[in-house]
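Below is one structure, written out as structure tokens; comments come after it.
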Amino acid sequence: MSLTLTNVQQTEFDAMVKAQYRSRGFILRDTVMTRTDVIGRFVQFRKMNYVTANEAGFQDTIPLQDPTFAAFTATLTKYAAGCGVDEIQDLTVNFDSKQELAMLVAMAVGRRSDQIIITALVAGPGTTIANGGTNLSYAKFRNVVQVFEENAVPISERFFAMSGNNLRALLAADQVISRFYTSNDAVAQGTLMNRDLMGMNIRVIPTMIEGGLPISSNIRKTFAWHKMSMGMGIGQDLRTEINYLPRETTWFVNSLFFAGAVIIDDRGVIEVDCDESVNP
């Protein structure tokens, strides 16, 4: 005798929902000057030039110097990430779909926050180190340090944003992974994310649908900068809300963000071009 249950077999779903791997965002939030609660569409960051101390004789009239001030404007733009779930369909699953969607849209805003900063970096770096047919190398890293030192950029709060491919190339250098040169145990940890190397804090930017670090014909733009050289204005920080739409009988989950960024002092921003087709 045979017993056929094909037409009445039940499907069991696990209560846990696995989110697809992607950046949660806000990797660069703490790497720039931030002005929150901005009123209006624009926010200005100001920069003061320098004066010099010159030889002066006794009782001489000291000439007045004008250090000059400059204003750099960040334009704020509204961003939103919204999802909806039907009220009845929500009853057909054994997990909190609204909570899962709230996490999803918040991550989208986090990535957008990073992209706003990256876009500002691309707009006008002060110095560019050419790719030279190489990926991110220890020599290029030292070159960045040299430029910062020559421009008197403070050693604290220096940052370097790179891709995973660039990190792979950098980890090929003995000076980066060998304990003869550094206390960063990159081999055991597998990454330098959020760790310091030659005074610069490493931030690895993953592939993002928003764009990420620009790449063209295998040439990736990476960036090193000082925190005070970049400004970000935020009129509305990340806000996630869940509202019920009675006409559509749908729960609407939405995240809002209103922000913009600008380079304040291009002497503190360096673009480092890397050929990602070259990997040691």
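Between the side chains of S277 and D275, at least one donor N or O lies within less than 3.5 Å of an accepting N or O. With no hydrogens or angles considered, a side-chain donor-acceptor pair links N194 and R203 at under 3.5 Å.
Under the 4.5 Å side-chain heavy-atom criterion for Ile, Leu, Val, Met, Phe, Trp and Tyr, I234 and L256 are members of distinct hydrophobic clusters. In terms of hydrophobic clustering, with Ile, Leu, Val, Met, Phe, Trp and Tyr side chains grouped at heavy-atom distances under 4.5 Å, F45 and F258 are assigned to a common cluster. Cluster annotation: I270 and L197 are assigned to the same hydrophobic cluster (Ile/Leu/Val/Met/Phe/Trp/Tyr, side-chain heavy-atom contacts under 4.5 Å, transitive). Linking Ile, Leu, Val, Met, Phe, Trp and Tyr whenever their side-chain heavy atoms come within less than 4.5 Å puts L76 and M33 in one cluster. Residue V105 is not grouped with residue F26 when hydrophobic side chains (ILVMFWY) are merged at heavy-atom distances under 4.5 angstrom, including chains of intermediate members.
The distance from atom CE of M208 to atom CG of L213, rounded to the nearest 0.5 Å, is 7.5 Å. To the nearest 0.5 Å, the span separating CD on E150 from OG1 on T127 amounts to 9.5 Å. Atom CZ of F159 sits about 10.0 Å away from atom OG of S229, to the nearest 0.5 Å. With rounding to the nearest 0.5 angstrom, the CD1 atom of I116 is 11.5 Å from the OG1 atom of T75. Distance check: Y181 OH to M198 CE gives 12.5 Å after rounding to the nearest 0.5 Å. Atom CZ of R24 and atom CE of M107 lie 5.0 Å apart (nearest 0.5 Å).
When every heavy atom of G212 is checked against every heavy atom of I118, the shortest pair comes out as O-CG2, 3.5 Å. The two residues V278 and G133 make their nearest non-hydrogen contact at CG2-O, 3.6 Å. Nearest heavy-atom pair across L101 and V253 is C-CG1, 3.9 Å. Residue D266 comes nearest to G124 through the heavy atom pair CB-O, 3.9 Å, listed as atom of the first residue, atom of the second, then distance. W225 and V32 get closest at one heavy-atom pair: NE1-CG1, 4.1 Å. Y138 and A173 make their closest contact through CB-CB, 3.9 Å (heavy atoms, listed as atom of the first residue, atom of the second, distance).
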Could you go through N165 and N279, starting from their C-alpha distance and side-chain angles, then the distance that decides it, and tell me whether this counts as side-chain contact (heavy atoms from CB on, under 4.5 Å)? CA-CA 8 Å; N165 180 286; N279 264 307; 3.1 Å; yes
Carefully, step by step, assess S255 and L238 under the rule side-chain contact (heavy atoms from CB on, under 4.5 Å). CA-CA 7 Å; S255 274; L238 168 64; 3.7 Å; yes
Quick one, F160 with F141, criterion ring pair (Phe, Tyr, Trp, His ring centres under 6.0 Å). Give me CA distance, side-chain angles, the key distance, then yes/no. CA-CA 9 Å; F160 202 124; F141 218 89; 5.0 Å; yes
Any chance you could lay out the salt bridge (charged side-chain N to carboxylate O under 4.0 Å, His left out) test for D273 and R220, step after step, and finish with the verdict? CA-CA 6 Å; D273 293 341; R220 174 82 69 180; over 6 Å; no
Does the side-chain contact (heavy atoms from CB on, under 4.5 Å) test come out yes or no for Q236 and F257, once each step is laid out? CA-CA 5 Å; Q236 171 62 63; F257 192 52; over 6 Å; no
Decide side-chain contact (heavy atoms from CB on, under 4.5 Å) for V122 and E271; before the verdict, give the C-alpha distance in whole Å, the side-chain angles of both, and the deciding distance to 0.1 Å. CA-CA 8 Å; V122 174; E271 176 185 317; 5.9 Å; no
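The side-chain heavy atoms of M200 and V145, taken from C-beta on, include a pair separated by under 4.5 Å. At least one side-chain heavy atom of M232 sits less than 4.5 Å from a side-chain heavy atom of I117. With a 4.5 Å cut-off on side-chain heavy atoms, V43 and T73 do not count as touching. Side-chain contact between V176 and L192 is present, with at least one heavy-atom pair separated by less than 4.5 Å. Side chains of I202 and R195 form no contact here, defined as non-hydrogen atoms less than 4.5 Å apart. Under the 4.5 Å side-chain criterion, counting only non-hydrogen atoms from C-beta, R267 is in contact with D265. Here the side chains of L28 and I205 are in contact, with some heavy-atom distance below 4.5 Å. Using a 4.5 Å heavy-atom threshold, the side chains of P206 and R22 count as separate.
Paired with E276 under the rule side chain to side chain donor-acceptor pair (under 3.5 Å), one option of N135, N166, N218, N131 passes, and it is N166. Among V93, D86, I88, T92, the one residue that satisfies the side-chain contact (heavy atoms from CB on, under 4.5 Å) test with D90 is V93.
For K78, the NZ atom counts as loosely surrounded, since its 6.0 Å shell holds 12 or fewer non-hydrogen atoms of other residues, nucleotides or ligands. Within a 6.0 Å radius of CD in E248, more than 12 heavy atoms belonging to other residues, nucleotides or ligands are found. Heavy atoms from other residues, nucleotides or ligands lying under 6.0 Å from OH of Y244 number more than 12. No more than 12 heavy atoms of other residues, nucleotides or ligands lie within 6.0 Å of CE in M228, so this atom counts as exposed by the packing criterion. Enclosure of atom CD1 in I209 is not indicated, since only 12 or fewer non-hydrogen atoms of other residues, nucleotides or ligands lie within 6.0 angstrom.
Using a cut-off of 4.0 Å between Lys/Arg side-chain N and Asp/Glu carboxylate O, R29 and D237 are scored as salt-bridged. Of the charged side-chain nitrogens involved, at least one lies within less than 4.0 Å of a carboxylate oxygen, so that R239 and E241 count as a salt-bridged pair. The pair E149-R158 counts as a salt bridge, with a side-chain nitrogen and a carboxylate oxygen less than 4.0 angstrom apart. At a threshold of 4.0 Å, the pair R112-E210 does not count as salt-bridged, since none of the basic side-chain nitrogens sits closer than that to a carboxylate oxygen.
Panel note: side chain H226, backbone S156; a donor-acceptor pair is recorded below 3.5 Å. No donor-acceptor pair under 3.5 Å is formed between the side chain of R35 and the backbone N or O of G233. At distances below 3.5 Å, not a single donor-acceptor pair connects side-chain atoms of D60 with backbone N or O atoms of I62. Between the T31 side chain and the K227 main chain, no donor and acceptor come within less than 3.5 Å of each other. One N or O on the side chain of S23 and one on the backbone of G25 form a donor-acceptor pair closer than 3.5 Å. Side chain of T191 to backbone of M193: a donor-acceptor contact under 3.5 angstrom is found.
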